[in-house]
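These notes concern the structure reproduced below.
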Amino acid sequence: MDDQNKNLILATALSFLVILVWFVLFPPEEPQAQAPAVTTAADGTAVLPPAAQDTGVAIPSLAVTPEQSRAQALGSTQRIDIETPRLEGSISLTGGRLDDLALKDYNETLEDDSPIVTLLSPVGGADAYYALYGWAPGGDLGFDQVPGAATAWQVERGTTLTPTSPVTIRWDNGAGLIFRRTFEIDEDYMFTVSQSVENTGAVEARMAPYGIVARHGQPDTVNFFILHEGVVRKSDGTLSEVDYDDMTDLDVLPREGAQADVQEVAGNGWIGFTDKYWMTTLIPGDGQPFTSVTKYVASADIYQTEARLPTMSIAPGTSAEVSTKLFAGAKEWEAIRSYQNDKNVEGFVDSIDWGWFYFLTKPIFVALHWLNLMIGNMGWAIIALTFGIKAILLPLAFKSYVSMAKMKELQPEMEKIKERAGDNREKLQKEMMELYKTEKVNPASGCLPILLQIPIFFSLYKVIFVTIELRHAAWFGPFRDLSAPDPTSIINLYGLLPNAAPNPESFMALIFIGILPLLLGISMWFQQKLNPAPTDPTQQMIFAWLPWVFMFMLGGFASGLVVYWIANNTITFMQQYAIMRSQGYTPDLWGNIKGGFKKTPKDATANANKKPKGK
C-alpha cells in the first residue's frame with residue numbers, strides 16, 4: 001500500500017472518530033412532541049382532547065386513572081352481564097364499554113385450579129383493555145351532546161347478553177337526540193354492535209360513528225422475534241403489522257394530537273390488537289369505507305386502534321343506524337376461517353401469524369389440524385404428519401440415497417484419483433467430474449432432502465409456536481402441552497415422579513434435559529452410523545459430537561417439534577437403510593457403531609509417539 005492510500009485511510013478514520021466524539025459530547029436535541037392537555041370526565045376518567053379528522057369530526061381518547069383492583073374497577077359501575085357457552089363478562093353502562101371478558105375454554109396454566117384466561121379488563125384496574133364505541137360530533141354539535149367515554153347509559157331492553165338475547169342501552173342528550181346501542185353475540189367470539197341515533201329536534205345533526213380498542217400500558221408479551229404481537233390490520237387486501245415498540249416511534253400527527261398512522265380503507269378491512277393466542281379486532285361492515293388508525297398516546301401511555309366511519313347527516317324527524325362487528329376471543333383457525341368464509345371478513349385467516357413461510361405453514365397446519373381431528377391426539381397427529389411429509393419427499397430421498405450408495409462404491413476409484421493428482425487440485429477436480437459423469441452420479445443430490453427439510457422444520461416450529469390448537473395439547477403421560485418444552489428430567493425420573501423439572505429458562509434445564517431430547521440424540525446417532533466415519537480426524541470428531549450437540553440445542557424447544565424430529569430421524573433411518581440395500585450396498589451398522597468407540601488414527605499416532613515414563 002502506498003503512502004497516499006495510507007494517508008487517505010488514516011484521514012477517514014480520524015474524521016469518523018471526530019464526528020463520533022462530537023455526537024457523544026453534543027447529542028442533537030430530540031424534537032419534543034406537543035403532549036395534549038388532559039381534562040377530567042364525570043367518572044374521574046381523564047379524557048384527552050379529540051383529534052380532528054379529515055371529515056371534520058373528532059374522537060376522544062381515554063387516559064389512565066388511579067389503579068384499583070379488578071374487583072373494585074368492576075364494582076364501580078353498573079353492568080350488564082355477558083353469558084355464552086364460551087365467554088363470560090359484562091358491559092359497563094358508563095360509556096357503554098365492553099371491558100370485562102374471559103374465555104371459558106382456556107385456562108392460564110395446566111394446574112387444576114388455574115383461572116380462566118382474562119381478555120378484556122376495565123378502566124381503573126391493572127392492564128385496562130376494552131372496546132369503546134361512540135359518535136364524534138360534527139357541525140355545531142359539542143362533545144357534551146354525543147355519547148362518550150363517561151356517558152351514563154340506561155338499559156332499554158334485555159338483562160343479560162347471550163347468543164339468543166341481545167341487549168339495548170339508551171341515552172337521551174336532552175337536546176333532541178336519542179342514542180341507542182345494541183349488542184349481539186354469536187356462539188363463538190363475534191359481537192355485533194349496532195349504533196343508532198334518532199333526531200327529534202328541529203335542526204339537522206351531523207356526526208360520525210367510531211369504534212376504539214385501547215390498551216393502557218404495554219402488555220406483557222412473549223417478545224420473541226418469530227412472533228408478532230401488537231396491531232394487526234387489513235386494509236383493502238393489504239396486511240400490515242405494527243409491534244408495540246414501533247407504535248412508540250410513530251410520527252406525531254398534529255390532527256391526531258398523538259403519534260399515529262392513518263390509512264383510508266375504501267372497501268374491506270379490519271384493525272385491532274393481537275397477542276400470541278388472543279385477539280380483539282374492529283370489523284366494519286362488508287364494503288364499508290372507513291378510516292383505520294393506529295395510535296399511541298404518550299402522555300397517557302395508551303395503545304389504541306380506531307375504525308372511524310364517514311360522517312352521517314340526520315335530518316329532523318329521522319334516524320340513522322350503523323352496525324360493526326367486534327372479534328374478541330381466541331385465534332382458533334376454524335372460527336376465524338368461518339368468519340372469513342361465511343361472514344365476509346376478508347382475509348381474516350391472515351390475522352394468525354403464519355410468517356414468511358406462509359406458503360408452507362398454512363398447509364402444514366391444515367394437515368396437522370385435520371390429522372388431529374381424525375386421530376384425536378396431537379402427538380400422534382404430529383407423527384402421522386411426519387410420515388406424510390416423508391412420503392411426499394420420498395422420490396427425492398430415493399434419488400439422494402441411491403446417489404449416496406453409488407458414491408460409496410466409487411470410494412476406491414476416488415482414492416486412486418487423489419493419489420494420481422497429488423497436490424494438483426485442478427487435475428483432481430477434472431478427473432472427479434469425469435468420474436461422476438461416467439457413473440451418472442450427482443454428488444450434490446444428497447443435500448437436496450436436507451435443504452428441503454430446513455424450511456419444513458422452521459414452518460412446523462412456527463405452527464407449533466403460534467397456533468392455539470397446539471396450546472396445552474396433550475400427547476400421553478407427562479406430555480400435557482406439546483407447545484412447551486419436555487417436562488421430564490432425571491430429577492423426576494423422566495416423568496415417573498410428580499416433581500417438576502427445572503424451569504425451561506434456567507441453566508439447570510440445559511443440563512438435565514428430558515427424555516425426548518435424549519431420544520432425539522440417539523436417533524441422530526443411529527442415523528449417522530449407517531455410513532462409516534470420515535477418514536479425516538477433524539471431520540470424524542465433528543460428526544461424533546453433532547448428535548449430542550443437537551440434543552442439547554433442541555432440549556428447550558417445544559416438545560411437539562422434538563417429537564417431529566425424532567419421528568423424522570427414525571423414518572429417514574428406515575428409508576435410507578432399505579434404499580441402500582436395494583442398491584446392493586448393505587450398511588455395516590454394527591461395525592460402524594463399534595468403529596466409533598475405537599481410537600482414531602490420530603490418537604493412535606499420538607500414543608505411539610509418547611515416550612515411556614522415566615526414560
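For the numbers below, each heavy atom of this structure counts, side chains included, while hydrogens, waters and symmetry mates do not. All residue numbers in this chain count up from 1 along the given sequence.
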Using a strict 4.0 Å threshold on nitrogen-to-oxygen distance, state whether [X] and [Y] make a salt bridge.
X      : Y      : value
Arg233 : Asp350 : no
Asp286 : Lys343 : no
Asp186 : Lys325 : no
Lys276 : Glu229 : no
Asp342 : Arg337 : no
Lys104 : Glu83  : yes

Let me confirm one number: the [atom1]-[atom2] distance from [X] to [Y], rounded to the nearest 0.5 Å.
X      : Y      : atom1 : atom2 : result
Ile185 : Thr192 : CD1   : OG1   : 8.0 Å
Thr488 : Ile513 : OG1   : CD1   : 9.0 Å
Gln575 : Leu393 : CD    : CG    : 8.5 Å
Glu334 : Asp188 : CD    : CG    : 10.0 Å
Ile82  : Phe183 : CD1   : CZ    : 8.0 Å
Ser121 : Asp100 : OG    : CG    : 7.5 Å

Does [atom1] in [X] sit with more than 12 non-hydrogen atoms of other residues, nucleotides or ligands closer than 6.0 Å?
X      : atom1 : result
Tyr494 : OH    : yes
Met574 : CE    : yes
Asp220 : CG    : no
Tyr106 : OH    : yes

Does a side-chain heavy-atom distance below 4.5 Å link [X] with [Y]?
X      : Y      : value
Ser194 : Arg181 : no
Leu326 : Val213 : yes
Leu87  : Leu103 : yes
Thr467 : Trp354 : yes
Leu518 : Trp548 : no
Tyr210 : Gln195 : no
Pro455 : Phe359 : no
Tyr244 : Val231 : no

What's the verdict on ring pair (Phe, Tyr, Trp, His ring centres under 6.0 Å) for Tyr130 and His216, showing C-alpha distance, side-chain angles and the deciding distance? CA-CA 9 Å; Tyr130 51 86; His216 290 196; 5.4 Å; yes
Taking [X] for the side chain and [Y] for the main chain, is one N or O donor matched with an acceptor at less than 3.5 Å?
X      : Y      : value
Asp81  : Thr160 : no
Ser235 : Thr238 : no
Ser114 : Leu110 : no
Glu306 : Thr294 : no
Asn107 : Thr109 : no
Asp481 : His472 : yes
Asn377 : Trp475 : yes
Thr361 : Phe357 : yes
Trp270 : Glu346 : yes
Asp243 : His228 : no

Taking all non-hydrogen atoms of both residues, which atom of [X] and which atom of [Y] are closest, and how far apart?
X      : Y      : answer
Leu161 : Pro166 : CD1-CA, 3.9 Å
Leu74  : Pro122 : CD2-CG, 3.7 Å
Ala473 : Met378 : CB-CB, 3.8 Å
Pro85  : Pro163 : CD-CG, 4.0 Å
Leu482 : Ile464 : O-CG2, 3.8 Å
Leu282 : Thr305 : CD1-O, 3.9 Å

Decide side chain to side chain contact (heavy atoms under 4.5 Å, CB included) for Thr118 and Arg70; before the verdict, give the C-alpha distance in whole Å, the side-chain angles of both, and the deciding distance to 0.1 Å. CA-CA 11 Å; Thr118 297; Arg70 178 179 173 81; 3.7 Å; yes
Given Arg308 and Phe290, is the side chain to side chain contact (heavy atoms under 4.5 Å, CB included) satisfied, shown in steps? CA-CA 5 Å; Arg308 306 173 184 169; Phe290 70 99; 5.9 Å; no
Which of these, Leu520, Leu519, Ile515, sits in a side chain to side chain contact (heavy atoms under 4.5 Å, CB included) with Asp486? Ile515
With distance as the sole criterion, is a donor-acceptor pair present between the side chains of [X] and [Y] under 3.5 Å?
X      : Y      : value
Thr291 : Glu264 : yes
Thr572 : Lys390 : yes
Thr570 : Ser523 : no

Ring pair (Phe, Tyr, Trp, His ring centres under 6.0 Å) for Tyr564 and Tyr461? Distances and angles first, verdict last. CA-CA 10 Å; Tyr564 163 78; Tyr461 177 48; over 10 Å; no
Establish, for the pair Arg215 and Tyr303, whether the NZ or CZ atom is under 6.0 angstrom from the six-membered ring centre and no further than 45 degrees off its axis. no
For the pair Lys331 and Asp353, evaluate salt bridge (Lys or Arg N to Asp or Glu O under 4.0 Å) and give the outcome as yes or no after the intermediate values. CA-CA 10 Å; Lys331 295 194 293 184; Asp353 185 12; over 6 Å; no
Show, in sequence, the C-alpha distance, side-chain angles and deciding distance for Met247 and Gln304, and conclude whether the side chain to side chain contact (heavy atoms under 4.5 Å, CB included) test is met. CA-CA 9 Å; Met247 290 182 71; Gln304 189 164 300; 5.9 Å; no
Audit row: Ser351, Thr281, side chain to side chain contact (heavy atoms under 4.5 Å, CB included) steps and yes/no: CA-CA 10 Å; Ser351 62; Thr281 309; 5.9 Å; no
Would you please test Phe457 and Trp565 for ring pair (Phe, Tyr, Trp, His ring centres under 6.0 Å) and show each step? CA-CA 8 Å; Phe457 177 80; Trp565 204 248; 4.7 Å; yes
